[in-house]
Amino acid sequence: MPRLLCAIVVAVGLAAALASAQTAGFVPVTDRMLQNPDPADWINWRRTLDGWGYSPLSQINVQTAARLTLVWSRVVTPGVGETTPLVYKGTMYLAKPMDEKGSGGVLALDAATGQLRWEYRKTLEAKPAFDGRMRSLAIFKDRIYLNTPDAHIVALDAQSGAVVWDETVADYKLGYRYTSGPIVVNGRIVAGMTGCDRYKNDVCFISAHDADTGKQVWRTSTIARPGEPGGDTWGDLPLTFRAGGDAWIPGSYDPRTNLIYWSVAQAKPWARVSRGTDGDALYTNSVLALDPQTGKIVWFHQFLPGETHDMDEVFESILIDRGDRRSIFKMGKLGILWEIDRTNGRFLSARDLGYQTIVDLNTSTGRVTYRPGMIPEDGVALDFCPGLGGIRTWRAMAYHPATKALYIPISLSCQRSIFSAVEKVEGGGGNSVRPFAGEKTVSTFPHPESPNSRGGLIAMDTVTGGILWSNPTRRGPTTATLTTGGGLVIVGDGDGDLNVHDAKSGKIVFQTRLPFVASGFPITYQVAGRQYLTFPAGPTGPGISVFALGAPGAVPPVPPPAAAPRE
């Protein structure tokens with residue numbers, strides 16, 4: 001059975017009646033709007049192109065959060081719930097994951113009532129990889145942009161859902177796919193490709209496309225090719241056997257530096273012994289600064305040269321100014337918070353949370369070295385922390401400008417695995433990890449530093465690197481974090497709780513047990529003077545739902561919307 005997706009909308013407000021969110025006439029979305037969005041809207045993956053995951057809305061706040069209650073709900077579709085709704089002028093656009101039949105798409109809903117406005121269905125050329133997850137959408141002018149698991153970008157009319165164009169970007173038969181949506185930079189649709197775990201005579205890439213036609217404007221490889229700068233970091237491996245470098249999390253953009261910041265995943269197969277190389281393997285586990293006009297790599301910073309345990313550093317890039325210092329903050333699976341200068345890629349600082357057992361960190365230079373016995377050998381069992389799931393993963397952290405803190409959802413576990421050599425044949429590759437002797441799967445076990453808690457939420461000061469507060473949970477987080485101008489931090493956990501924290505103290509000011517485990521990326525928005533909170537959720541089972549919450553007595557009953565049509 002596939003996991004289910006549902007979106008949950010939490011609302012609080014003072015108006016006496018729900019107003020329809022439909023506006024008269026559609027106002028096209030511009031680059032200026034994307035770079036400085038209306039507080040009422042959520043029109044980027046992390047709302048703003050700096051990746052903060054922060055909304056200035058404050059109607060839902062420390063004092064009013066306890067009044068949240070259900071407003072509306074909606075069944076969506078089976079699939080993996082890792083999506084991020086967009087909201088613009090009262091309409092919610094929600095990516096539906098591709099189901100087991102290879103069909104998914106986009107829903108447009110009234111953001112105040114959940115009523116369906118239109119639905120677009122995309123049938124894939126083949127059964128979707130990784131349950132057809134689609135983490136985000138983009139909006140620009142009068143169009144919604146969808147990346148698909150069969151390596152297409154589709155532009156839809158935002159008012160009707162009609163297809164404007166459908167561009168094939170890469171051959172899905174080679175494994176190429178999208179799992180996250182694009183961002184829009186200076187009128188171009190910029191997307192990161194994934195599906196590069198198998199050997200082929202090509203590599204992963206980031207590409208920009210004309211917003212009106214879908215035609216490719218530029219393409220930048222995320223793997224250094226033989227004979228190119230950085231190509232020697234793969235030794236003498238031919239291009240066919242240089243795998244990985246997936247760009248599967250959306251990037252960030254700074255209009256002042258006019259640079260796109262896009263991170264690159266680990267090399268594959270995961271272990272050096274499997275790849276047959278012990279060099280840096282550029283540009284894996286790096287952040288690239290790209291010229292949005294040409295795609296040229298202006299600078300790069302590699303966090304884990306020659307990574308060898310699947311400790312990915314591909315996740316969100318958060319752009320924060322500290323006085324005259326323009327920084328990028330990042331944290332990957334190892335739980336190291338990196339700060340680098342976003343004008344030139346220079347290392348500024350690093351803080352290890354202290355849960356990883358794989359590398360030693362030089363906090364003066366930012367260089368990492370593997371601890372004795374930690375580089376995998378062929379067929380030899382190895383224990384390491386964290387496990388392959390990492391301390392951090394796709395569940396993004398968020399920044400709050402008032403507290404100057406990052407709010408980081410962490411998971412804690414360790415792993416026993418065996419890595420093995422991989423035959424160098426086209427179509428081969430993969431992850432190279434196999435079960436420990438006598439077990440059916442790789443073995444995970446509780447972290448010795450946290451035997452009774454599998455994760456939690458950490459507030460980390462971006463100025464000092466200190467921990468402001470930490471809230472452990474029995475099971476790990478299941479959503480990204482969201483921060484708001486109401487002084488709140490919102491995150492879901494594996495016990496099915498929605499937790500709303502006071503950003504300053506960490507105190508939980510509202511908690512509710514959900515019918516499904518929350519997942520994906522929470523957002524907040526405002527329609528007709530009322531603020532809402534929404535996020536996907538869903539356990540294993542036969543359907544997906546969307547829920548909405550509001551202040552008791554402030555919102556009149558809304559008839560339950562009909563289930564979305566099923567394939």
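Values reported hereafter were calculated over all heavy atoms of this structure, with side chains retained and with hydrogens, waters and symmetry mates removed. Source: prediction; values computed, not measured.
- A donor-acceptor pair under 3.5 Å is formed between the side chain of Tyr370 and the backbone N or O of Thr308.
- Of the residues listed (Leu49, Ile328, Asp50, Leu319), the one engaging Asp254 in a side-chain contact (heavy atoms from CB on, under 4.5 Å) is Leu319, and it is the only one.
- When atom types are taken as modelled, the side chain of Arg275 and the backbone of Pro269 share a donor-acceptor pair closer than 3.5 angstrom.
- Aromatic ring centres of Trp394 and Phe521 lie closer together than 6.0 Å.
- Residues passing the side chain to side chain donor-acceptor pair (under 3.5 Å) test with Gln266 are Lys268, Asp310, sequence neighbours excluded.
- In the displayed structure, Arg367 atom CZ is contacted under 6.0 Å by at most 12 heavy atoms of other residues, nucleotides or ligands.
- Under the 3.5 Å distance criterion, the side-chain polar atoms of Asn344 are matched with a main-chain donor or acceptor of Arg346.
- Taking CG from Asp246 and CD1 from Ile223, the interatomic distance works out to 8.0 Å, rounded to the nearest 0.5 Å.
- The heavy-atom pair separating Arg513 from Asp497 by the smallest distance is NE-OD1, 2.7 Å.
- Side-chain contact between Tyr283 and Thr233 is absent, with no heavy atoms from C-beta onward closer than 4.5 Å.
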Self-check item: Criterion salt bridge (Lys or Arg N to Asp or Glu O under 4.0 Å) on Asp321 and Arg256, from CA distance to verdict
Solution: CA-CA 12 Å; Asp321 291 344; Arg256 292 180 298 172; 2.4 Å; yes
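- In this structure, Trp299 and Tyr261 have tilted ring planes: the angle between them lies in the 30° to 60° band.
- The distance from the CG atom of Leu259 to the CD1 atom of Ile297 is 12.0 Å, given to the nearest 0.5 Å.
- The heavy-atom pair separating Asn147 from Ala191 by the smallest distance is ND2-CB, 3.6 Å.
- Across all non-hydrogen atoms, the minimal contact from Met134 to Pro149 is SD-CD, 4.0 Å.
- Between Ile467 and Leu353 there is a side-chain heavy-atom pair separated by less than 4.5 Å.
- Using bins of under 30°, 30° to 60° and over 60° for the plane-to-plane angle, the ring pair His447/Tyr355 lands in the perpendicular bin.
- With rounding to the nearest 0.5 angstrom, the OG1 atom of Thr524 is 10.0 Å from the CZ atom of Arg47.
- When His309, Glu307, Lys333 are each tested for a side-chain contact (heavy atoms from CB on, under 4.5 Å) with Ile358, only one passes: His309.
- Summarising the geometry of Phe535 relative to Ala518, their closest heavy-atom pair is CE1-CB, 3.5 Å, with the distance given to 0.1 Å.
- Side-chain atoms of Asp493 come within 3.5 Å of backbone atoms of Asp495 as a donor-acceptor pair (strictly under, hydrogens ignored).
- Counting only heavy atoms from C-beta outward, the side chains of Ile183 and Asn44 never approach each other to under 4.5 Å.
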Quiz item: Going through the distances and angles, do Asn499 and Leu457 end up as a side-chain contact (heavy atoms from CB on, under 4.5 Å)?
Solution: CA-CA 10 Å; Asn499 302 302; Leu457 182 64; over 6 Å; no
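- Under the side-chain contact (heavy atoms from CB on, under 4.5 Å) criterion, Ala138 pairs with Tyr145, Pro182, Val184, sequence neighbours left out.
- When atom types are taken as modelled, the side chain of Thr479 and the backbone of Gly492 share a donor-acceptor pair closer than 3.5 angstrom.
- Within the 6.0 Å centre-distance limit, the rings of Phe241 and Tyr199 are counted as a close aromatic pair.
- Distance CG/Asp291 to CG/Leu288: 13.0 Å, rounded to 0.5 Å.
- With hydrogens and angles disregarded, no donor-acceptor distance shorter than 3.5 Å links the side chain of Thr462 to the backbone of Ala405.
- Listed for the Asn471 side chain is a donor-acceptor partner under 3.5 Å among the backbone atoms of Gly506.
- With respect to Glu316, the salt bridge (charged side-chain N to carboxylate O under 4.0 Å, His left out) criterion is satisfied by exactly one of Arg135, Arg392, Lys330: Arg392.
- The shortest distance between side-chain heavy atoms of Trp42 and Pro85 does not fall below 4.5 Å.
- The nearest pair of heavy atoms linking Gln356 to Ile391 is N-CD1, 4.2 Å.
- Ser252 contributes atom OG, which lies 12.0 Å from atom CH2 of Trp52 (distance to the nearest 0.5 angstrom).
- For the pair Trp262 (side chain) and Ile249 (backbone), a donor-acceptor distance under 3.5 Å is present.
- For the residue pair Tyr176/Asp202, the side-chain donor-acceptor check at 3.5 Å is satisfied.
- Without hydrogens or angle criteria, Arg272 side chain to Gly306 main chain gives a donor-acceptor distance under 3.5 Å.
- For Glu426 and Thr240, the side-chain atoms include no donor-acceptor pair closer than 3.5 Å.
- Judged by distance alone, the side chain of Thr84 and the main-chain N or O of Ser136 form no donor-acceptor pair under 3.5 Å.
- In this structure, the side chains of Val203 and Thr222 stay at 4.5 Å or more apart for every pair of heavy atoms.
- Evaluated for a ring-ring contact (aromatic ring centres under 6.0 Å, His included) with Trp248, the options Tyr178, Phe315, Phe205 yield exactly one hit, Phe315.
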Quiz item: side-chain contact (heavy atoms from CB on, under 4.5 Å) between Asp502 and Trp469: does it pass, once the steps are laid out?
Solution: CA-CA 11 Å; Asp502 182 322; Trp469 52 261; over 6 Å; no
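- Checked by atom type, the side-chain pair Asn258/Tyr253 shows a donor-acceptor distance below 3.5 Å.
- Trp270 has its side chain within reach of Leu388: a pair of non-hydrogen atoms, C-beta onward, lies under 4.5 Å apart.
- Looking only at side-chain heavy atoms (C-beta outward), Pro97 and Glu82 stay at 4.5 Å or farther from each other.
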Exercise. Determine, stepwise, if the pair Arg322 / Glu339 fulfils side-chain contact (heavy atoms from CB on, under 4.5 Å).
Key: CA-CA 11 Å; Arg322 293 175 49 195; Glu339 181 186 7; 2.8 Å; yes
Quiz prompt | Stepwise side-chain contact (heavy atoms from CB on, under 4.5 Å) test for Thr481 and His400 | solution = CA-CA 11 Å; Thr481 52; His400 200 300; over 6 Å; no
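- Closest non-hydrogen pair, Lys200 versus Gly195, comes out as NZ-O, 3.2 Å.
- Contact annotation: the side chain of Phe303 approaches that of Ile340 to within less than 4.5 Å [non-hydrogen atoms, C-beta and beyond].
- Note that OG1 of Thr363 is 10.5 Å distant from CD1 of Ile336, once rounded to the nearest 0.5 Å.
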